[in-house]
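Note on naming: letters A, B, ... go to the chains in the order of the sequence lines (proteins, then strands), and numbering restarts at 1 for each one.
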Protein chains: 2
Amino acid sequence: MRRGAIEFCVLALLSRREHYGFELVQRLSEADGLLTSEGTIYPLLSRLRRDGLVETEWRESTSGPPRKYYRLTSDGARALGHYRGQWEQFRNAVNSLLYEDQEAVSERSTD
Amino acid sequence: MRRGAIEFCVLALLSRREHYGFELVQRLSEADGLLTSEGTIYPLLSRLRRDGLVETEWRESTSGPPRKYYRLTSDGARALGHYRGQWEQFRNAVNSLLYEDQEAVSERSTD
DNA sequence: CAAGGTACCTTGCGTTGCAAGGTAGCTGTC
DNA sequence: GACAGCTACCTTGCAACGCAAGGTACCTTG
């Protein structure tokens with residue numbers, strides 16, 4: 001179900017501020033079980049970087065190992081806008097199939 | 001993005017009335033580009049039948065080759081209810097990350 | 001009977017999500 | 001200063017899904 005949406009959510013989170021990978025894992029899994037393990041996020045972040053949607057910067061932590069921070073690029077912001085439109089269309093399509101599409105059932109009244 | 005959701009939508013359509021495969025393809029692709037080809041739906045329908053969520057019945061058509069009609073079983077109806085809850089949780093999670101989550105940004109005001 | 005539409009199905013590929021496992025730095029305790 | 005445990009990164013291998021492409025067969029129309 002979450003196929004493709006995680007990428008989208010990561011871009012959305014990064015559009016607000018920088019995050020490092022582990023932080024994203026925590027956000028997305030606490031949030032609502034959108035994510036289940038680190039094995040999802042790190043390859044995804046690599047893809048995003050490869051595609052130029054994010055840039056990275058190592059930075060020291062005051063309590064623990066260094067962190068790799070991810071920041072949205074302008075390409076990434078553009079992609080996010082694109083995804084946003086797709087998400088809304090997708091969401092509306094599913095919602096209408098689930099809830100609203102009752103008019104179409106009126107055909108059934110001839111059963 | 002549509003990963004997993006198509007199965008859900010098919011169950012929703014079948015909960016209203018029987019459909020045959022080709023009809024589902026048309027509904028889902030006209031509807032909103034949820035589906036792009038028959039190569040998606042037929043394996044999916046086979047899975048649903050294997051898992052006992054739908055039952056099938058061949059029926060002659062008055063204009064063309066025979067059609068295989070799919071009907072929801074009680075297990076299918078139960079699965080649909082389950083999916084419905086999952087969908088709402090998923091949708092709300094994504095929406096809140098996208099739109100509402102602005103309160104969380106207030107942390108940033110201390111930057 | 002040939003052509004084209006309807007309706008079914010399978011195969012093979014690429015992508016994605018995930019569990020599992022692996023490395024390494026930092027902190028605290030003894 | 002060694003050891004345990006946490007934080008944080010990453011890779012590998014698997015399974016599921018969506019899809020394009022291709023294939024079969026029926027039925028209608030000319």
Tell me: [atom1] of [X] to [atom2] of [N], nearest whole Å?
X       : N      : atom1 : atom2 : value
A/Tyr42 : C/dA19 : OH    : P     : 15 Å
B/Lys68 : C/dT6  : NZ    : C1'   : 16 Å
B/Phe22 : D/dC27 : CZ    : P     : 16 Å
B/Arg50 : C/dC9  : CZ    : C1'   : 16 Å
B/Leu28 : D/dC17 : CG    : P     : 16 Å
A/Asp51 : C/dT16 : CG    : P     : 9 Å
A/Ile41 : C/dA20 : CD1   : P     : 19 Å
B/Arg67 : D/dC27 : CZ    : P     : 12 Å

What about B/Glu38: does its side chain form a donor-acceptor pair under 3.5 Å with the base of D/dC19?
no
Ignoring hydrogens and angles, are the base of D/dC17 and the side chain of B/Glu7 linked by a donor-acceptor pair under 3.5 Å?
no
Across all chains, not counting sequence neighbours, the side-chain hydrogen bond (donor to acceptor under 3.5 Å, both in side chains) partners of B/Glu38 are none
Set of residues satisfying side-chain hydrogen bond (donor to acceptor under 3.5 Å, both in side chains) with respect to A/Tyr42, sequence neighbours excluded
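Here no residue qualifies.
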According to the salt bridge (charged side-chain N to carboxylate O under 4.0 Å, His left out) rule, which pairs have a member within residues 72-97 of chain A, sequence neighbours left out?
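Residue pairs passing salt bridge (charged side-chain N to carboxylate O under 4.0 Å, His left out), neighbours aside: A/Asp75-A/Arg78.
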Watson-Crick or G-U wobble mate for C/dG21, both contacts under 3.5 Å
D/dC10
Could you list the residues that satisfy side chain to side chain contact (heavy atoms under 4.5 Å, CB included) with B/Gln89, not counting sequence neighbours?
A/Asp32
Excluding sequence neighbours, so at least two apart, what forms side chain to side chain contact (heavy atoms under 4.5 Å, CB included) with B/Ser37?
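Once residues adjacent in sequence are excluded, the partners of B/Ser37 under the side chain to side chain contact (heavy atoms under 4.5 Å, CB included) criterion are B/Thr40.
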In this structure, which one of A/Leu35, A/Ile6, A/Leu44, A/Val10 forms a side-chain contact (heavy atoms from CB on, under 4.5 Å) with A/Leu24?
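Testing each of A/Leu35, A/Ile6, A/Leu44, A/Val10 against A/Leu24, the sole residue satisfying side-chain contact (heavy atoms from CB on, under 4.5 Å) is A/Val10.
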Among the candidates [options], find the nucleotide nearest to the side-chain atoms of [X].
X       : options               : answer
B/Ser37 : C/dT10, D/dC9, D/dA20 : D/dA20
B/Thr36 : D/dC19, D/dA8, C/dT10 : D/dC19
B/Tyr70 : D/dC19, C/dC9, D/dA8  : C/dC9

With A/Glu18 as reference, evaluate A/Arg59, A/Arg67, A/Lys68 under the salt bridge (Lys or Arg N to Asp or Glu O under 4.0 Å) test and give the passing residue.
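Result for salt bridge (Lys or Arg N to Asp or Glu O under 4.0 Å) with A/Glu18: A/Arg59.
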Using a heavy-atom cut-off of under 4.0 Å over every strand shown, decide if B/Arg47 touches base, sugar-phosphate, or nothing.
sugar-phosphate
Assign B/Gly39 to base, sugar-phosphate, or nothing according to its heavy-atom contacts below 4.0 angstrom with the strands shown.
base
Heavy atoms under 4.0 Å is the rule here; annotate nucleotides 23-30 of chain C 5' to 3' with B where the base is hit, S where only the sugar-phosphate is, and - elsewhere.
--BSS---
Please determine if a side-chain N or O atom of B/Tyr20 lies less than 4.0 Å away from the OP1 or OP2 oxygen of C/dA7.
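So the side-chain polar atoms of B/Tyr20 do come within 4.0 Å of the phosphate oxygens OP1 or OP2 of C/dA7, strictly under.
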